[in-house]
Trainee: 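Structure below; questions to follow.
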2 protein chains.
Amino acid sequence: MSDVAEGAEQHILTLRATPRRRWATRDKILLEASRLFATHGFRGATTRQIAERVGIQQPSLFKHFPSKSSMLAELAVYDMDVPAHHAETAAATSGSAVDRFAGYVAWDLEWYRTMPFDLRCVTEQVVRSERLVEARAAVKRWNAAIGLILRQGVASGEVSESAVAFVPAVLETLSWHMVYTKDASEQTVDDAVRFLLAAALEPRQDLRH
Amino acid sequence: MSDVAEGAEQHILTLRATPRRRWATRDKILLEASRLFATHGFRGATTRQIAERVGIQQPSLFKHFPSKSSMLAELAVYDMDVPAHHAETAAATSGSAVDRFAGYVAWDLEWYRTMPFDLRCVTEQVVRSERLVEARAAVKRWNAAIGLILRQGVASGEVSESAVAFVPAVLETLSWHMVYTKDASEQTVDDAVRFLLAAALEPRQDLRH
DNA sequence: CCTACCGATCGGTAGG
DNA sequence: CCTACCGATCGGTAGG
């Protein structure tokens, strides 16, 4: 589990450090596929469109990937595996639940803010399609870890009970906000963390003002 | 503008009051199309699947709708036109911005909680595709109205400035939460309203505890 | 609302 | 990585 996450993290960190012009064809395919999936949905994006943007002929895609679905599967692992690993670490650490939650949220939003791929819709596809088992398992682990931290916060009286149901979906929304807001900065991330904490915390626990 | 909204509202209110068994074929088509669009995306859902669920042959769909896109277009208007109308009314009313915002949010979440159609993905399709001009216009009106109320709240010192950017997307998320959470109750709506207000309000203005 | 059917486009293969 | 191409499936039409 951890190895998979670290492998994916290593790869994506390498991608981030590499200027886009020098990306290999395989990674260019993933980038353009993610953008077209985000714009037109998985079925709406065609392999011919992907190939055109990469600058190769459509059948050449299948020298790099066995199928269109396998592109989605690889993107889905990128999307969910590393966050799941971080969330599990935050859930397993000792200390204040709210501090660990705030720390995770800050990492998560920064992760999406600097993500090279546009993975909107990939998450949705993961939830829908019964295939993509690896990515679906990562989503489960992520939800379990976030749920655990939040319930720890409820137990210690810091997190409001009714907020637990809304926080995961809202966190996901804020993550995508960081992706598609072009001028999102580290300040934007800070604001979003405070926004989510204000919603999740019991009012009397919010001593920031 | 108002006539369109009221027409759509009338129609959808009629649908709500009618037991599902008695729905006419045309409305059954819209219902099943919305569910399949939500599950497989617009392109992923096929007209043959829709027809099968309705219990008719695929070509018969086109006796009720000129095209598959026209089903999406009609659903998109249902999705956005009525909320846009309500948001504009809330924005144009006098009184406390926060009270009007809270009132709108409560109405919005209850609207989605009791919605007969599953319109997830329809909103996304509206944002993507350059057609669906009517629905796109409604989205614009909705965003403008919500933005106006929020800026009024910022001006009166009630709403936190950094929250303005996040509230529309988060409200949308909470709306969908009401759709796909099967056991969402009026209590769930109340909790979500409080959750969103806690995030959006300047801390000192939250006098609820 | 049905049967019969069509042109277009899809993901993917063969062979080099 | 290219050209040539294929079977399957798509949205939609014709005619009754």
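Throughout, a chain's letter reflects where its sequence line sits, starting with A, and its residues are numbered from 1. All values derive from a computational prediction rather than experimental measurement.
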Trainee: Classify B/Ala45 by what it touches in the nucleic acid, base, sugar-phosphate, or nothing, heavy-atom distance under 4.0 Å.
Mentor: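 Sugar-phosphate contact only - B/Ala45 comes under 4.0 Å of backbone atoms but never of a base.
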
Trainee: Whole angstrom is fine here: how far is it from CZ in B/Arg48 over to P in C/dC1?
Mentor: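 So the two atoms are 18 Å apart, to the nearest Å.
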
Trainee: Side chain to side chain donor-acceptor pair (under 3.5 Å) for A/Asp118 and A/Ser34? Distances and angles first, verdict last.
Mentor: CA-CA 5 Å; A/Asp118 187 341; A/Ser34 73; over 6 Å; no

Trainee: Can you list the steps and then say if A/Glu158 with A/Ser156 is a side chain to side chain donor-acceptor pair (under 3.5 Å)?
Mentor: CA-CA 6 Å; A/Glu158 295 168 295; A/Ser156 65; 2.7 Å; yes

Trainee: Is it true that a side-chain atom of A/Arg100 and a backbone atom of A/Thr93 form a donor plus acceptor pair closer than 3.5 Å?
Mentor: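 Yes, the answer is positive, given that a donor and an acceptor are paired below the 3.5 Å cut-off.
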
Trainee: If I take atom CZ in residue A/Phe65 and atom P in nucleotide C/dG11, what distance separates them, rounded to the nearest angstrom?
Mentor: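 For the pair A/Phe65 CZ and C/dG11 P, the rounded distance is 15 Å.
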
Trainee: Of the nucleotides D/dT3, D/dG12, C/dC10, which one has an atom closest to the side chain of B/Pro59?
Mentor: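 The nucleotide sitting nearest to the side chain is D/dG12.
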
Trainee: Send over the distance from B/Arg43 CZ to D/dG12 C1', rounded to a whole Å.
Mentor: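 Rounded to whole Å, this separation is 14 Å.
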
Trainee: Measure from NE2 on B/His64 to P on D/dT13 and round the result to the nearest Å.
Mentor: 15 Å

Trainee: Can the ring centroids of B/Tyr104 and B/His86 be said to lie less than 6.0 angstrom from one another?
Mentor: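 No, the ring of B/Tyr104 stays outside the 6.0 Å limit from the ring of B/His86, centre to centre.
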
Trainee: From the options D/dA14, C/dG11, D/dC10, select the nucleotide whose nearest atom is closest to the side chain of A/Lys68.
Mentor: C/dG11

Trainee: For C/dG11, take OP1 and OP2 only and decide whether either is under 4.0 Å from a side-chain N or O of A/Ser67.
Mentor: no

Trainee: At less than 4.0 Å, is any side-chain N or O atom of A/Thr25 found next to OP1 or OP2 of D/dC1? Yes or no.
Mentor: yes

Trainee: Which part of the nucleic acid does B/Thr46 contact within heavy-atom distance under 4.0 Å: base, sugar-phosphate only, or nothing?
Mentor: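 Counting heavy atoms under 4.0 Å across all strands, the contact made by B/Thr46 is with sugar-phosphate only.
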
Trainee: Determine the interplanar angle of the A/Phe117 and A/Tyr78 rings, folded into 0 to 90°, and report it as parallel if under 30°, tilted if 30 to 60°, perpendicular if over 60°.
Mentor: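 The arrangement is parallel - the two ring planes meet at less than 30°.
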
Trainee: Between A/Glu74 (side chain) and A/Met71 (backbone), is there a donor-acceptor pair under 3.5 Å?
Mentor: no

Trainee: Can a side chain N or O of B/Gln58 be found less than 4.0 Å away from OP1 or OP2 on D/dG12?
Mentor: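 Answer is no, no contact under 4.0 Å.
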
Trainee: In dot-bracket, 5' to 3', how would DNA chain D read with Watson-Crick or G-U wobble pairs under 3.5 Å, [ ] for crossing ones and | for pairs to another strand?
Mentor: ||||||||||||||||

Trainee: On DNA chain D, does the nearest nucleotide to B/Gly44 precede the nearest nucleotide to A/Lys63 from the 5' side, or the other way round? Give the residue.
Mentor: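 That would be A/Lys63.
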
Trainee: Rounded to whole angstrom units, what separation is found between the CD1 atom of B/Ile50 and the P atom of D/dG12?
Mentor: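 Those two atoms, CD1 and P, are 10 Å apart.
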
Trainee: Grab the CZ-P distance between B/Phe62 and D/dC10 for me, whole Å please.
Mentor: 12 Å

Trainee: Just how far, in rounded Å, is P of D/dA8 from CD of B/Gln49?
Mentor: 19 Å

Trainee: Return the value, rounded to whole Å, for the distance between atom CD of A/Gln57 and atom P of D/dA4.
Mentor: 10 Å

Trainee: A/Asp108 and side chain to side chain contact (heavy atoms under 4.5 Å, CB included): which single residue from A/Val193, A/Ile146, A/Leu171, A/Val189 fits?
Mentor: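 It is A/Leu171; the other options fail the test.
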
